[in-house]
Amino acid sequence: MTSFCYGQKATKIRLLYQSADIQKPNNDTLNIKRVRRAFNSDSVFVRLKNSKKMLLSQDKIWGFQDDDSIVYRNFEGLFYRVLQIDSLVMYCRKSGKYNHYYFSQGCDGKLMSINAENIKNVFASNECFINKMENGLKWYQDYSSYNDQTKTYRMIEFFKSCTEKTKASF
């Protein structure tokens, strides 16, 4: 997994002005070469293939999508790779040689690091989910564990199973 900071190799990148743009067809007429955070600024730097540059306010850009359909979300001045969109959204960001994992409730929710404290704070009223996160993983798995059989992150599986149980009980 590479960091976007080193430049995308994709041939067509599109800006996403809001999370709903992910599902919409690409109507962006800009011929974008690279998107990154502007240094020493609260702006997003966009370089076009014709060598022109644009500086956009970061609050105007939700993220971008590259030609491989990989989506990156802009949050508090940094870009995070979107791994899975579901009832929870999973993200990662590469720092050095390590990936750091994050989640949000919905595409526009606050990004939070995946750790026991955040899970317990955010989902305090969902005992089923907290229990599954504490007891449903093998000793060698962490909270960002991926299920190769179902092609989904276990955190999202656990959350969905607990919210489906809640809905079924009503």
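Just so you know, these numbers use all the heavy atoms, side chains as well, and skip hydrogens, waters and symmetry mates.
- Annotation: side chain of Asp86 is not in contact with side chain of Val89 (no heavy-atom distance under 4.5 Å).
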#### Entry: Worked check of side-chain contact (heavy atoms from CB on, under 4.5 Å) between Trp62 and Ile22
CA-CA 10 Å; Trp62 184 88; Ile22 297 169; 3.6 Å; yes
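- When all heavy atoms of Tyr17 and Ile61 are compared, the closest pair comes out as CE2-CD1, 3.7 Å.
- Side-chain atoms of Arg14 come within 3.5 Å of backbone atoms of Asp21 as a donor-acceptor pair (strictly under, hydrogens ignored).
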### Message
Would Met155 and Ser144 count as a side-chain contact (heavy atoms from CB on, under 4.5 Å) here? Give the steps.
### Response
CA-CA 7 Å; Met155 182 174 178; Ser144 64; over 6 Å; no
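- Separation of atoms OG (Ser57) and CG (Asp42) is listed at 8.0 Å; rounding is to 0.5 Å.
- At a threshold of 4.5 Å between non-hydrogen side-chain atoms, the residues Ser113 and His100 do not count as touching.
- Taking all atoms of both residues into account, the shortest heavy-atom contact from Ile130 to Ala124 is CD1-CA, 4.0 Å.
- Put simply, the side chain of Asp68 never gets that close to the backbone of Ile70: no donor and acceptor are under 3.5 Å apart.
- Using a distance-only test at 3.5 Å, with no hydrogens or angles considered, no donor-acceptor pair links the side chain of Arg93 to the main chain of Tyr101.
- Here the side chains of Ser145 and Tyr140 are not in contact, with every heavy-atom distance at 4.5 Å or above.
- Here the rule is side-chain contact (heavy atoms from CB on, under 4.5 Å) with Arg37, and of Leu78, Val44, Asn74 only Leu78 fits it.
- Under a 3.5 Å cut-off, the side chain of Ser41 and the backbone N or O of Ala38 do not form any donor-acceptor pair.
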### Query
Does the pair Tyr91 and Ser104 meet the rule for a side chain to side chain donor-acceptor pair (under 3.5 Å), with working shown?
CA-CA 8 Å; Tyr91 308 86; Ser104 69; 2.9 Å; yes
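- Looking at Thr163, its side chain does come within 3.5 Å of a backbone N or O of Phe159 through a donor-acceptor pair.
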### Task
Take Asp108 and Ser19, measure what side chain to side chain donor-acceptor pair (under 3.5 Å) needs, and give me the verdict at the end.
CA-CA 7 Å; Asp108 297 317; Ser19 60; 3.0 Å; yes
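- A 4.5 Å side-chain heavy-atom check between Leu48 and Asn31 finds every atom pair outside the cut-off.
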### Task
Decide yes or no on side-chain contact (heavy atoms from CB on, under 4.5 Å) for Lys52 and Lys33, but give the supporting numbers first.
CA-CA 10 Å; Lys52 291 188 179 180; Lys33 180 178 180 180; over 6 Å; no
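- When atom types are taken as modelled, the side chain of Asp66 and the backbone of Ile13 share no donor-acceptor pair closer than 3.5 angstrom.
- Side-chain contact between Arg34 and Val46: absent, with no pair of heavy atoms (C-beta onward) separated by less than 4.5 Å.
- At distances below 3.5 Å, at least one donor-acceptor pair connects side-chain atoms of Gln58 with backbone N or O atoms of Gly77.
- Under the 3.5 Å distance criterion, the side-chain polar atoms of Gln23 are left unmatched by any main-chain donor or acceptor of Ala20.
- Nearest heavy-atom pair, Gln105 versus Val122, reported as atom, atom and distance to 0.1 Å: NE2-CG1, 3.6 Å.
- The CD atom of Glu164 sits 8.0 Å away from atom OG of Ser87, with the distance rounded to the nearest 0.5 Å.
- At a threshold of 4.0 Å, the pair Glu134-Lys120 counts as salt-bridged, since one of the basic side-chain nitrogens sits closer than that to a carboxylate oxygen.
- Interatomic distance, Asn126 CG to Lys132 NZ, rounded to the nearest 0.5 Å: 10.5 Å.
- In this structure, CZ in Phe75 is found 5.0 Å from CG in Leu111, a value given to the nearest 0.5 Å.
- Side chain of Asn121 to backbone of Glu117: a donor-acceptor contact under 3.5 angstrom is found.
- Within the 4.5 Å cutoff, no side-chain heavy atoms of Asp142 are placed close to those of Leu137.
- The heavy-atom pair separating Lys94 from Lys97 by the smallest distance is NZ-O, 4.2 Å.
- Between the side chain of Lys160 and the backbone N or O of Glu157 there is no donor-acceptor pair closer than 3.5 Å.
- The shortest distance between side-chain heavy atoms of Phe45 and Lys53 falls below 4.5 Å.
- Checked against the 6.0 Å centroid threshold, Tyr72 and Phe64 count as a close aromatic pair.
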### Message
Test side-chain contact (heavy atoms from CB on, under 4.5 Å) on Ile119 and Tyr143; report intermediate values, then the result.
### Response
CA-CA 10 Å; Ile119 290 168; Tyr143 290 143; 3.9 Å; yes
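- Taking the ring centroids of Phe103 and Phe123, they lie under the 6.0 Å cut-off.
- Phe158 has its side chain out of reach of Ile156: every pair of non-hydrogen atoms, C-beta onward, lies at least 4.5 Å apart.
- A cation-pi arrangement is absent between Arg73 and Tyr80 under the rule of less than 6.0 angstrom and at most 45 degrees off the ring axis.
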